[in-house]
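Since the structure comes first, as structure tokens, the remarks are kept for the end.
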2 protein chains.
Amino acid sequence: MATINDVAKLAGVGIGSVSRVINGKGSVSEKTKLIINKAIKDLNYKPNNSARSLVSKKFNTIGIWGTESAGTFNSSTLKLIDHELISHGKHCLITNGDLSSKENPNAAINSVDDLISKGCDGIIFWGTDISNFDIAYIEKYFPNIVLLNNKIESIEHKCFYYDHYKAGYSAGQHLLDKGHTKIACITGDFRTEDGRTRHEGFLDSLNDKGIVINPELIVEGNYSFIKGQEGVLHLINTNHEFTAIFCGNDQTAMAAISTLSSNGYSVPNDISIIGYDDNSIASFLSPPLSTVRVPFDNMALAAVRSLLNKCYNMELSLENNFPVELVQRESVKNLINN
Amino acid sequence: MATINDVAKLAGVGIGSVSRVINGKGSVSEKTKLIINKAIKDLNYKPNNSARSLVSKKFNTIGIWGTESAGTFNSSTLKLIDHELISHGKHCLITNGDLSSKENPNAAINSVDDLISKGCDGIIFWGTDISNFDIAYIEKYFPNIVLLNNKIESIEHKCFYYDHYKAGYSAGQHLLDKGHTKIACITGDFRTEDGRTRHEGFLDSLNDKGIVINPELIVEGNYSFIKGQEGVLHLINTNHEFTAIFCGNDQTAMAAISTLSSNGYSVPNDISIIGYDDNSIASFLSPPLSTVRVPFDNMALAAVRSLLNKCYNMELSLENNFPVELVQRESVKNLINN
DNA sequence: GATTAAAATGGAAGCGCTTCCAATTATAAA
DNA sequence: TTTATAATTGGAAGCGCTTCCATTTTAATC
């Protein structure tokens, strides 16, 4: 592998000039620039990043800390992030937090320290699988961070998230608009903030119309297919009547649809389903799923850009408002005759 | 950030000893080891990876070159790879080849060079979206590579792939076993090798029983939902009778099921569907999809491990046989009365 | 206690780069 | 032409580490 010395020697110049050409700063005459570029090409010279980072303290790399449940490893959003980074000449170093969460209490911090010492200029924390406490601790000595789909009051300007409450609310509203009043739901995990918040929003939308949901029609899930399946089974075995189910996420909705139809119920004729996320499958289900679209990609893009700006003094534009949108497809029946 | 000098000073030893402790090689007395470790902890010292790499030429990082269509950014397999790397203290540097493929002809190579100069000890090439020619070229100057789900004769020992032919064959066989003889198919893209091969295997399974498929019942797809939808629509508008469709992948099968049912056909009562991949959705479809399970995870694990062995002189065990398996669920009707 | 071999230790050299400054060269003004 | 100023240039220093070797310390043996 050719080094900067080789280039300098071949071009008959000093290493300083070569460095100036590579980095495009400092003054070099057009003539020597030409000579140096030729030498670079002839030697197929590529600057050694370790040496560069050692001196400059810049790594041109952004770390991503995420977990499976954050969707990090199962989402086109990762692609989008990577795309944005690469198009600015940066790299993407990934760490899966799942590994650490099992182990000792400091495991999350350790895995982050690992990421830092490996060399990245900033970190995107994706999801809520790391405690606020840990993040706050890390942020003290490594401030170039950004939270995606998570929110911590003390560093709110570094957070990119949407309003779970509003999202839940709009799901409920849609059901109401279509004339449903007897509504069941299969929620997310109530131990998580977002699980609670989206459910609250949902309940409040009903409350605001004076509708109170039968507590027996609320079953707690955890976003998994299997819990969705169990939830539906439980609901259809209860004796309470309902015409619609609000599912805590699309995965749950998927489970609901398939479980209902294999138990002889038709969606939406017998029971309507509304999901939450608008994941990549939602429109492909049968029937296509009405759901709340969460602006994941917009948030992700803004998060990366904000970090890019901070780490590399860039000035990329970024959104800071991430409205949720109700996507009406065919899984909710209109009960209102007009 | 504390450096090795700080540690040496605090511990009252030479930097050589500190280095020996960090790397666990060379001899250091238990007593000084203790002192040094305390200093390391007190200073919260983390070795600087750039400096280490600069000297040692090791990066403790494996690059992944993949594209969206390879599933790199949409698959739990990535998580598995990352997991394996991290549990051996290595990192995972990702590059999305999609970006490059659009641009100039050398874009793929450039993006790989980028990965190399950024610093990785080996690269996993995931999928077939980079030409054999390019890979062969890269392998010459950067031999620590491994191909996942791809095969190039000249470096077959670096390739981890399965038998598309057999997979296609077994799909056909299953349909035959269930008594289907009038079979349609919606294939993959015939411009790709795997698209062709799995189709060949499928046709041969029929041929071997003396069954010839009606050419009008073969429609070329490209693994996308939309093409699957179009394909089904085309098939049901044709006047030729068929009882089953072999879909080139599960995505296509998903499209087929949803399109058929929204056109009044019942799966599997009217038409049977068999898929290919056994992706994460397959078992959740309604009806649950019978499909050919492709051993992605096994291949990926073997690929990573093989690379780990090569790059770091490890001796991890690895599978080298990746049999395909038919997963029978409920989307294929049994036509044989017994 | 003396001798020898083995273990432990300190630190210089050097990895490839950026940055800085002193020295040189070109350019403009007088 | 001379002088002042700006642009260009070379290369030493130093980033934090590993590796090597010369030196010192320890342990083992007589």
Side-chain angles (χ1 to χ4, degrees), chain A residues 1-40 43-61 89 113-114 116-121 312-313, chain B residues 1-40 43-61 89 113-114 116-121 312-313:
Chain A
M1 213 55 174
T3 73
I4 199 172
N5 279 295
D6 301 329
V7 176
K9 213 165 289 170
L10 180 61
V13 299
I15 56 169
S17 296
V18 178
S19 178
R20 271 170 233 124
V21 169
I22 297 167
N23 295 292
K25 56 182 170 187
S27 67
V28 184
S29 71
E30 284 307 316
K31 206 176 61 183
T32 53
K33 209 176 282 182
L34 239 57
I35 300 175
I36 290 173
N37 277 324
K38 177 160 174 11
I40 288 176
L43 292 171
N44 190 27
Y45 165 75
K46 303 263 188 279
N48 177 316
N49 256 287
S50 300
R52 284 184 119 164
S53 301
L54 182 58
V55 180
S56 67
K57 313 294 187 210
K58 280 287 171 210
F59 303 96
N60 291 315
T61 299
D113 280 346
D114 220 44
I116 295 172
S117 96
K118 165 65 200 167
C120 52
D121 304 312
Y312 309 109
N313 291 315
Chain B
M1 213 54 172
T3 73
I4 199 171
N5 279 295
D6 300 329
V7 175
K9 213 165 289 171
L10 180 62
V13 300
I15 57 168
S17 297
V18 178
S19 178
R20 270 170 234 125
V21 168
I22 297 168
N23 296 292
K25 54 183 171 186
S27 65
V28 184
S29 71
E30 285 306 316
K31 206 177 62 182
T32 52
K33 208 176 282 180
L34 237 57
I35 301 174
I36 290 172
N37 277 323
K38 177 159 173 14
I40 288 177
L43 293 170
N44 190 26
Y45 167 73
K46 303 268 190 274
N48 177 315
N49 256 286
S50 300
R52 286 182 118 164
S53 300
L54 182 57
V55 179
S56 68
K57 313 293 188 210
K58 280 288 170 210
F59 302 95
N60 292 316
T61 299
D113 279 346
D114 219 43
I116 295 172
S117 96
K118 166 64 200 163
C120 53
D121 303 312
Y312 308 109
N313 291 315

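Residue numbering restarts at 1 for every chain, and letters A, B, ... go by the order of the sequence lines.
Atom P of nucleotide C:dG11 and atom NZ of B:K9 are separated by 11 Å, given to the nearest angstrom. In this entry the distance linking NZ of B:K25 with P of C:dT9 reads 18 Å, nearest Å. In this entry the distance linking CD1 of B:I22 with C1' of D:dT18 reads 10 Å, nearest Å. Rounded to an integer number of Å, the gap from B:I36 CD1 to D:dC17 P is 13 Å. One can place CG of A:D6 at 8 Å from P of C:dG16, the figure rounded to the nearest angstrom. A:N23 has its CG atom 10 Å from the P atom of C:dC17, to the nearest Å. For the pair B:K46 NZ and D:dC15 P, the computed distance is 22 Å after rounding to whole Å. When rounded to the nearest whole Å, the span between CZ of A:F59 and P of D:dG16 equals 11 Å.
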Heavy-atom protein contacts under 4.0 Å, nucleotides 5-11 of chain D, coded B base, S sugar-phosphate only, - none: --SBBBB
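Put simply, the side chain of A:Y45 does not reach to within 4.5 Å of the side chain of A:D6, judged on heavy atoms. No side-chain heavy atom of B:K46 sits under 4.5 Å from any side-chain heavy atom of A:I116. In this structure the side chain of B:V18 reaches within 4.5 angstrom of the side chain of B:V13, judged on heavy atoms.
Checked by atom type and distance alone, the side chain of A:S56 pairs as donor or acceptor with a backbone atom of A:R52 at under 3.5 Å. Checked by atom type and distance alone, the side chain of A:S117 never pairs as donor or acceptor with a backbone atom of B:N48 at under 3.5 Å.
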Might you list the N or O atoms of the protein lying below 3.5 Å from N or O atoms in nucleotides 25-28 of chain C, with each pair's distance?
none

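B:K57 approaches B:D121 most closely through the heavy-atom pair O-OD1, 4.0 Å.
Listed in residue order, the members of residues 48-58 of chain A having a heavy atom less than 4.0 Å from DNA chain C are A:N48, A:A51, A:R52, A:L54, A:V55.
Distance check, rounded to the nearest 0.5 Å: CD1 of B:I36 to CD1 of B:I15 gives 11.5 Å. With values rounded to the nearest 0.5 angstrom, B:S27 atom OG is found 11.0 Å from B:E30 atom CD. A distance of 9.5 Å separates CG of A:L43 from NZ of A:K38, quoted to the nearest 0.5 Å. Here the straight-line distance linking atom CD1 of B:I22 with atom CD1 of B:I4 works out to 4.0 Å at 0.5 Å rounding.
For the side chain to side chain donor-acceptor pair (under 3.5 Å) criterion with B:K118, the lone passing option out of A:N60, A:T61, A:N49 is A:T61.
Between B:S19 and D:dC17 there is no side-chain polar atom (N or O) within less than 4.0 angstrom of OP1 or OP2.
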